[in-house]
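Working notes for the structure below.
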Amino acid sequence: MDINSENLANDELISSNLKQDNEVVVVIVPLQAQGHLNQLLQFACLVSSYGLSVYYVGLAKYNHQAKVRANALNPSDIAKIHFHDLPSSPDFASGKVPTIWDACMLLRIRESIASFLHDISSKARRVVIVHDVLMSYNVQDVSSFHNAESYIFNCGSSFDMYCSHICTAAGLPIPLEAEQLKRMPSLKGCYPDEILHVGRLQSPYTGIKAGDIYNTSQVIEGSTYLDLMAQLASIKNKKQWAIGPILPTKLDHISNRDNICLDWLNKQPPKSVLYVSFGTTSSFSDEQIKELAMGLELSTQKFLWVLRGADEGVLFTGTRRLELPEGFEERVKGVGLVVREWAPQPEILAHSSTGGFMSHCGWNSCLESITMGVPIAAWPMSFDQPKNGFLVTDILKIGLIVREWEKREELVSASIIENVVRKLMASEEGDVIRKRAEELGEAVRRSTEKGGVSRMELQSRYLEEIQKGSTYTLVCTMTQAQSGDCEDSTAVQNFGFSSSMCSCELPNHELSKSKQLNEVAIVMVPFPAQGHLNQLLQLACLISSSYDLPVYYVGSATHNRQARVRANALNPSDIAKIHFHDIPTPEFPSPPPDINALSKFPSHLQPSWDASKLLRESIASFLRDISSKSRRLVVVHDSLMSYNVQDVSSLPSAESYIFNCISAFTFYCFICLFYGMSIQLGEELLKKLPSPEGIMPDEVRDFTTSHSPYIDIRSGDIHNTSKVIEGKFLDLLAHAEISQNKKNWAIGPILPTKLNHISNRNNICLEWLNKQPPSSVLYISFGTTTSFSDREIKELAMGLEQSKQKFIWVLRDADRGDIFTGKSRKVELPEEFEERVKGVGLVVRDWAPQPEILAHSSTGGFMSHCGWNSCIEAITMGVPIAAWPMHSDQPNNSFLVTEIFQTGLIVREWEKREELVSASTIENAVRKLMASEEGISIRKRAEELGEAVRHSTEKGGASRIELDSFIAHITR
């Protein structure tokens, strides 16, 4: 029960963050079988893309199976789903349960589901359960919760549902012509008795539902079968929605990933390959495998054959290796490919080289093939497959039959297979079938786009239905899920997607009809560097979670992904509410940093910054689209993205605001330098103020200057600082020429100041800190743009060791422009250094949760480069700083901290920036900060300032008032 207890704790943690009385929570309960797991996970990701909290509830092994086999789904979308793992019985855990169908009842999971629903319903305004029809027994307790309602998700075609179940049970006629009725497969042999028994057990509980959802489209089944189903539903006062296909229909964002199938297909001519796969519930005898192999070989047509047996009851216990005729794979080399692993079926079907699909006709496979416009060679095996095969071949006429259902127990010979393959792939009849399939596929894909019937069913009917009476703002797009436009979180960092991960087509974001003329949409446009990405994502989450406004985060796919992966201190449920719009990443060089350069400025990032200017057209197109559907469009952008958002001035209902990611003091100093004004500081302070010499190279100044002509478009400025700490400089900025009567808001710090909801997560840094005395540890990190030479690292290591103070050292090189490419060097420490400091110091080489480390009671100091992100985090958490500035705004920030706030001390003066900092210098600075009377005084000042800053973000505090004022202004 440990794993399930931990899971429940996580669910309680997430649930505690729901907005009680305002939140709609969707709970997905799939049948524990692949074709059902897959469809309901696709549905979960699609619903989650609208900003709703979605839970996926099932046995741990099958939840894992759903994630492992999540074909075509964007990993970041899956990361937004809250998976709740139910406990398994001892028999099932050992693999002794005979079938997955028995598992539904034998595991007695009804009680566990009821307990979970009880917990969720107590914390949400409404709970919406979407479940497989064969899980009706297990969700029956939904009727006991006053704020819960359930909907059945039908994983089969409406044709099969109507013909096989409704008509049979009610004695209704099937609406087919006489000749078609003769050809329609009988129900004989479709369902084993045990399956029928499971189905009968569900029947008493299906009436609890509020309606039905179908993974199909009016384009495919609307004129007859969906309409007939709707008539029957209305009699019982139930509603229904046909929202399919729910699988992503645009796979450009992931179809170029490394995979043996896709690599092989890339080398084949268009529409030349027959894809052969029989799903997860079909197994062939050795004799039938031999006949199929011979038939494929004799056809001389290209093929890709996924050769696997049916899934076992417990998926991860292994399967037998299926044997092919001797020498077969050698003989078909270059013509055919046999794969025995899980294959990315939607991507294979979407590939331009795929011209046909030999299939068992499970509805998943049928709908994927129909959507991608691929004709089917139908070879049904069981369940709903015979009816689906008939729908495809006889009604839709986009396929042909391999073997008639009445001959299901006969061996299908090689000659029959050969003839069918030739007919589908190399005949005029096959060409006609393919043309029909392509035309239907195009119509189906259009049904999922803006204004399409399936999209309207989902967005304008179903989601409005489950949110009726809600103050929750529904702003999103179906194509966020269907084209993979949104991606999030730490789960994506190892997937290695390329710059073409997103379709070039913009998603069509639509407002809920009920709010279309009253909605304010906010679009964040960050600069593609970590300290800027992070701050604007924090602001996006703050506005979205605190004011229930729709917020879009717009940038290149690569840098949006970076922002999510490194979202320190942010609650995943808050990030899930943000609508990420990924623009295809322009190509740019991504070299490693020069660790031996005298200047610490990260010039190696310049190519990525230059490439960011290529985003203007895509950003403009996106803004036009959003503006046309909003009462007001508010663009909040980094000052270094001013060129990119210049087109906001051409939109009648749009206005823009610059978000300044640096301190007000540094901004003020830069303005004075630019306009030749004197800096309002005392004489002694002016003498100590670092010179601007060496802060950045000329090409970066030129890049910055290129944005200047477009800065005046803005309506005002937002500052990530507080009047509590920089009131004087904010006032000076407001009166400077640059303000030009623009409005100003100081709303910082925007990072979460209370981290209890996430600070207990497993992390080596936090676990180590938990064992240390209060205020005893020096945290050392130099951000994402600083690299040290081997010699500098050696001196720093020696200085820390000699100081005898406890420390956590984050030892990393500067980021590349694309953090997901290239290998980082392994930074070498002095021999046996880590062994000698064991128990005193901890060296980590991975990304560290900096806000949580700074907020930890054991942290007593911070050796920092003084980027504003790091400064504001340390100031907020009341941690004094050992300042070691490297470039850009950092020298001025360090001056602000050490000379004006007096909450830190300097490690190395800016004028000595090109000199090696010795171990003795570092040792002295560390001892002074961590173990001296002067250090104690500095720490006391830092703690008092931190308390004042945190108060400023609370109700009635200066920063909270400023933020409320900004929101009131843009929603006026």
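These values consider heavy atoms only, across backbone and side chains, with no hydrogens, waters or symmetry-generated copies.
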Using a strict threshold of under 4.0 Å (side-chain N to carboxylate O), is an ion pair present between [Y] and [X]?
X: Glu954; Y: Arg950; result: no
X: Glu684; Y: Lys688; result: no
X: Lys600; Y: Glu792; result: yes
X: Arg812; Y: Asp815; result: yes
X: Arg616; Y: Asp647; result: yes
X: Asp610; Y: Lys613; result: no

Let me confirm one number: the [atom1]-[atom2] distance from [X] to [Y], rounded to the nearest 0.5 Å.
X: Leu689; Y: Lys687; atom1: CG; atom2: NZ; answer: 13.5 Å
X: Thr859; Y: Phe807; atom1: OG1; atom2: CZ; answer: 14.0 Å
X: Leu896; Y: Ile662; atom1: CG; atom2: CD1; answer: 11.5 Å
X: Met641; Y: Met524; atom1: CE; atom2: CE; answer: 14.0 Å
X: Arg561; Y: Asp818; atom1: CZ; atom2: CG; answer: 8.0 Å
X: Ile881; Y: Ser864; atom1: CD1; atom2: OG; answer: 5.5 Å

Whether the [X] and [Y] side chains hold a donor-acceptor pair (N or O, under 3.5 Å, no angle test) is what I'd like checked.
X: Asn660; Y: Asn720; value: no
X: Thr721; Y: Glu726; value: yes
X: Ser642; Y: Ser639; value: no
X: Ser722; Y: Ser959; value: yes
X: Ser663; Y: Thr666; value: yes
X: Ser556; Y: His559; value: yes

Chi angles and distances behind the side chain to side chain donor-acceptor pair (under 3.5 Å) call for His719, Asn744: CA-CA 8 Å; His719 300 275; Asn744 279 269; 3.0 Å; yes
Audit row: Arg908, Glu915, side chain to side chain contact (heavy atoms under 4.5 Å, CB included) steps and yes/no: CA-CA 9 Å; Arg908 187 270 326 272; Glu915 297 177 17; over 6 Å; no
Describe, in one word, how the ring planes of [X] and [Y] are oriented to each other, choosing from parallel (under 30°), tilted (30 to 60°) and perpendicular (over 60°).
X: Phe665; Y: Phe729; value: perpendicular
X: Trp884; Y: Phe782; value: perpendicular
X: Phe527; Y: His532; value: perpendicular
X: His969; Y: Trp745; value: tilted
X: Tyr643; Y: Tyr710; value: perpendicular

If we ignore hydrogens and angles and just use 3.5 Å, is the side chain of [X] paired with the main-chain N or O of [Y] as donor and acceptor?
X: Trp809; Y: Leu842; result: no
X: Lys728; Y: Gln680; result: yes
X: Thr786; Y: Gly783; result: no
X: Gln890; Y: Cys866; result: no

Pair Glu943-Arg939, salt bridge (charged side-chain N to carboxylate O under 4.0 Å, His left out): steps then yes or no: CA-CA 6 Å; Glu943 290 170 349; Arg939 185 170 298 104; 5.2 Å; no
How far apart are the closest heavy atoms of [X] and [Y], and which atoms are they?
X: Leu929; Y: Pro880; answer: CD1-CB, 3.8 Å
X: Val810; Y: Asp846; answer: CG1-O, 3.9 Å
X: Ser888; Y: Phe601; answer: OG-CE1, 3.3 Å
X: Val949; Y: Val724; answer: N-CG1, 4.3 Å
X: His604; Y: Pro591; answer: CD2-O, 3.5 Å
X: Leu570; Y: Leu537; answer: CD1-CG, 3.8 Å

CA sep, side-chain torsions, deciding dist, call: Val844, Cys765, side chain to side chain contact (heavy atoms under 4.5 Å, CB included): CA-CA 8 Å; Val844 293; Cys765 300; 3.9 Å; yes
Residues Glu693, Arg913; criterion side chain to side chain contact (heavy atoms under 4.5 Å, CB included); working and verdict: CA-CA 11 Å; Glu693 185 178 348; Arg913 59 189 173 276; 3.7 Å; yes
Considering only heavy atoms from C-beta outward, does the side chain of [X] approach that of [Y] to under 4.5 Å?
X: Ser870; Y: His865; result: yes
X: Ile658; Y: Asp638; result: no
X: Cys871; Y: Asn893; result: yes
X: Phe788; Y: Val827; result: no
X: Ile695; Y: Arg701; result: yes
X: Val635; Y: Leu623; result: yes
X: Pro749; Y: Thr953; result: yes
X: Asn596; Y: Asp594; result: yes

Identify each donor-acceptor pair in which a side-chain atom of residues 773-781 lies under 3.5 Å from a protein atom, sequence neighbours left out, and give them as a table.
residue: Ser776; atom: OG; partner: Pro773; partner atom: O; Å: 2.7
residue: Tyr779; atom: OH; partner: Gln850; partner atom: OE1; Å: 3.0

Residue pair Thr785, Met886: steps toward the side chain to side chain contact (heavy atoms under 4.5 Å, CB included) verdict: CA-CA 9 Å; Thr785 62; Met886 303 292 171; over 6 Å; no
Verdict with supporting geometry, Phe966 and Tyr657, ring pair (Phe, Tyr, Trp, His ring centres under 6.0 Å): CA-CA 10 Å; Phe966 173 68; Tyr657 300 84; 5.3 Å; yes
Intermediate values then yes/no, side chain to side chain donor-acceptor pair (under 3.5 Å), Gln562 and Gln530: CA-CA 8 Å; Gln562 176 178 333; Gln530 179 59 38; 3.0 Å; yes
Residues Glu795, Arg791; criterion salt bridge (charged side-chain N to carboxylate O under 4.0 Å, His left out); working and verdict: CA-CA 6 Å; Glu795 292 295 318; Arg791 192 177 174 198; 5.4 Å; no
His579/Tyr552 under ring pair (Phe, Tyr, Trp, His ring centres under 6.0 Å): CA gap, chis, key distance, verdict: CA-CA 5 Å; His579 310 301; Tyr552 299 81; 5.1 Å; yes
